[in-house]
Amino acid sequence: MNFFDRDLAVAIAAKDRGDHLRAVTSFQKALEADPENAVAHAHYAHCLFGMGKYFAASRQADTALSSDPNLPLAHIVRAMADAAMDNEPAAQKALDEALRLDPENETALKLRCAIALANRDLKALEPAVDILLSVAPNDTEAHYFASRLASKRMDADKAEHHAREALKIAPNGAFNHVAIGWAFWVRKEFDTARDAALSALSINPNTSDAHELLTAIDMHRRPLTGWFNRIGYLLDNINMRVAAIYGIPMFFLYMVASDLLEYFGQDTLSNIMFRGVQIAAIGLLISTQTFARKATRNRKAAVLRTDY
């Protein structure tokens, strides 16, 4: 093994075990020896993504693709970075290319499943889950996604089966407890579903899907409070990009509509709209506070259970 090969091997090994600082140094040495090495750039991009440097990761992935446009890892890292930066169309495009080049790539399939699940796109989720289960039948994430797909289809038995398989492989996986919780929710076994969600929170208090499950349970037991929690949950999880995409146009639409109503002498309608906006704002504030208090109580009540 020559000097460059050794540096690249050390860098990849350091990246895989999470030693990002050593990996970065070794990648830089490797790239000094061979600046056009697409594989080195792709793994370096993956390392930068693991460090949370999403923009830098996307640039490194682009550099890798400029040298080798048929490198699946580079497309995958680009998709991961785009997804992390909330650029879903670009992420989907990069994923399509990665899966075209390597249809059974586990990382790409898992990312496709995650995006499809978040979007409730069952048409995209089902084939990805089927392929993932076929190539990784003993992978906990494969069973998690299969369970969530079954829950979305209201198939409680299949959802519970895959959730139990996921828990068997990774009993301390917070999302696996959420998966079996959703299976119980489909059966309307809300007490057990709540126990599963609280188990997930005991492992990771920031498991957003656990809060979503608890909100869904509240919506069945206490519809009014549940809806306030649901709205609060959505507001709590909204990001600045989405808020800007929807909030700014709505604000300008309100301003234009209000001016037009006043211009045409419709002061009463303008006042009603103004009061409506105020009431909506108060409702959103109440929803946010209601969810925050409920989430805090749920975190305090979180206890791990394994005897579902």
Just wondering, do [Y] and [X] contact through their side chains at under 4.5 Å, heavy atoms?
X: E88; Y: N119; value: yes
X: R194; Y: F184; value: no
X: R148; Y: F175; value: no
X: R187; Y: D157; value: yes
X: I282; Y: I286; value: yes
X: L201; Y: L214; value: yes
X: N70; Y: L101; value: yes
X: D236; Y: H211; value: no

Cluster overlap [X] with [Y], hydrophobic side-chain contacts below 4.5 Å:
X: V77; Y: Y44; answer: no
X: I279; Y: M273; answer: no
X: L48; Y: I12; answer: yes
X: L132; Y: L125; answer: yes
X: V277; Y: M255; answer: yes

From [atom1] ([X]) to [atom2] ([Y]), nearest 0.5 Å:
X: R221; Y: F190; atom1: CZ; atom2: CZ; result: 7.5 Å
X: T207; Y: R299; atom1: OG1; atom2: CZ; result: 9.0 Å
X: N37; Y: H43; atom1: CG; atom2: NE2; result: 9.0 Å
X: Y233; Y: T288; atom1: OH; atom2: OG1; result: 14.0 Å
X: E104; Y: L109; atom1: CD; atom2: CG; result: 8.0 Å
X: I217; Y: W182; atom1: CD1; atom2: CH2; result: 7.5 Å

Using only atom types and a distance under 3.5 Å, with no angle test, would you say the side chain of [X] pairs donor to acceptor with the backbone of [Y]?
X: N229; Y: T215; answer: no
X: S58; Y: F55; answer: yes
X: S270; Y: Q266; answer: no
X: H41; Y: P35; answer: yes
X: S147; Y: E160; answer: no
X: H177; Y: P171; answer: yes

Please report the shortest heavy-atom distance between [X] and [Y], naming the atom on each side.
X: S26; Y: A11; result: CB-CB, 3.4 Å
X: A159; Y: A150; result: N-CB, 3.4 Å
X: F228; Y: S287; result: CD2-OG, 3.0 Å
X: D82; Y: A90; result: OD2-CB, 3.4 Å
X: V24; Y: C47; result: CG2-SG, 4.0 Å
X: D68; Y: A38; result: CB-CB, 3.6 Å

Task: side-chain contact (heavy atoms from CB on, under 4.5 Å) evaluation trace for K294 with D218 - done: CA-CA 10 Å; K294 187 73 174 180; D218 276 349; 3.0 Å; yes
- [ ] Determine the interplanar angle of the Y54 and F49 rings, folded into 0 to 90°, and report it as parallel if under 30°, tilted if 30 to 60°, perpendicular if over 60°.
- [x]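 Y54 and F49: tilted rings.
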Task: Residue Y254 excluded, over 12 heavy atoms near OH under 6.0 Å - done: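 Atom OH in Y254 is crowded, with more than 12 foreign heavy atoms closer than 6.0 Å.
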- [ ] May I ask you to check whether over 12 heavy atoms, not counting those of R275, lie within 6.0 Å of atom CZ?
- [x]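 At most 12 heavy atoms, drawn from other residues, nucleotides or ligands, come within 6.0 Å of this atom.
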Salt bridge or not for [X] and [Y], using N-O below 4.0 Å?
X: K110; Y: D139; answer: yes
X: D96; Y: R100; answer: no
X: K123; Y: D121; answer: no
X: E126; Y: R153; answer: yes
X: R59; Y: D62; answer: yes
X: K29; Y: E32; answer: no

- [ ] Output, in order, the C-alpha distance, side-chain angles, deciding distance and verdict of side-chain contact (heavy atoms from CB on, under 4.5 Å) for I231 and T290.
- [x] CA-CA 10 Å; I231 295 170; T290 300; over 6 Å; no
TODO: Verify the distance criterion only: is there a donor paired with an acceptor across the side chains of E212 and N237 at less than 3.5 Å?
DONE: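 There is no such pair between these side chains.
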- [ ] Give a yes-or-no answer on whether the side chains of Y308 and S199 include a donor-acceptor pair shorter than 3.5 Å.
- [x] yes
- [ ] Apply side-chain contact (heavy atoms from CB on, under 4.5 Å) to V10 and R22, showing your working.
- [x] CA-CA 9 Å; V10 168; R22 183 175 183 182; 3.9 Å; yes
Task: Intermediate values then yes/no, side-chain contact (heavy atoms from CB on, under 4.5 Å), H46 and I76 - done: CA-CA 9 Å; H46 197 199; I76 291 169; over 6 Å; no
